[in-house]
Amino acid sequence: QVDLVESGGGLVQAGGSLRLSCAASRRTFSNYVMGWFRQAPGEERVFVAAICSIDNIDYADSVKGRFTISRDHAKNTVYLQMNNLKPEDTAVYYCAADSGNYYYNSKSREEYDHWGQGTQVTVSS
């Protein structure tokens, strides 16, 4: 059934923080590149951050210095720590896995073949 499950979304004031979690259902996900994407109302789903199997990291320019992606291989879980949140960060956040890559962090939505159902993040001003 569901391969990836996100949690940790919610409502926060501008300048606040949230930590999102993505739990993978099978141990094989520990070898895959894992990414976070987000989709605001009426907009396209866009890249946020990615982390490969040996923990190399890439970020979208819009979140550099504010967001941190990490993974706990023992718990088969990926995290997105979001600090200094802005109203423009409001979106549904999706966890994704790229089973075709162990070491290259793709920023393209079409490269990822496993997706969670999303978790809502709302930042008020």
- Item | Salt bridge flag under 4.0 Å for residues Arg26 and Asp3 | yes

- Item | Spacing of CZ belonging to Phe47 relative to CG belonging to Asp58, to within rounding of 0.5 Å | 6.0 Å

Using distance only, find each side-chain donor-acceptor pair of residues 8-23 under 3.5 Å and give its atom names and separation, not counting sequence neighbours.
unit_1 : atom_1 : unit_2 : atom_2 : d
Gln13  : OE1    : Ser124 : OG     : 3.4
Gln13  : NE2    : Ser124 : OG     : 3.1
Ser17  : OG     : Asn83  : OD1    : 2.9

- Item | Atom pair SG (Cys95) and NE2 (His114), whose distance is rounded to the nearest 0.5 Å | 11.5 Å

- Message: If I compare all heavy atoms of Asp98 with all of Tyr32, which pair ends up nearest, and what's the gap?
- Response: O-CB, 3.6 Å

- Message: Taking side chain to side chain contact (heavy atoms under 4.5 Å, CB included) as the definition, give me every residue that meets it alongside Asp61, ordered by chain and number, with sequence neighbours left out.
- Response: Lys64

- With distance as the sole test, does Asn76 use its side chain to make a donor-acceptor pair with the main-chain N or O of His73 at under 3.5 Å? no

- Message: Can you tell me if Gln117 has over 12 outside heavy atoms packed within less than 6.0 Å of its CD?
- Response: no

- Item | Partner residues of Tyr93 under the side chain to side chain donor-acceptor pair (under 3.5 Å) criterion, sequence neighbours left out | Arg38

- Task: May I ask you to check whether Phe37 and Tyr112 place their ring centers less than 6.0 Å from one another?
- Result: yes

- Query: Regarding Arg45 and the six-membered ring of Trp115, is the cationic atom NZ or CZ under 6.0 Å from the ring centre and inside 45° of its axis?
  - Reply: yes

- Message: Would the distance check show the side chain of Asp113 and the main-chain N or O of Ser99 forming a donor-acceptor pair, the cut-off being under 3.5 Å?
- Response: yes

- Query: With distance as the sole test, does Asn101 use its side chain to make a donor-acceptor pair with the main-chain N or O of Tyr103 at under 3.5 Å?
  - Reply: no

- Task: Determine, step by step, whether Met82 and Val121 satisfy the side chain to side chain contact (heavy atoms under 4.5 Å, CB included) criterion, reporting the C-alpha distance in whole Å, the side-chain angles of both residues, the deciding distance to 0.1 Å, and the verdict.
- Result: CA-CA 10 Å; Met82 304 184 294; Val121 172; 3.8 Å; yes

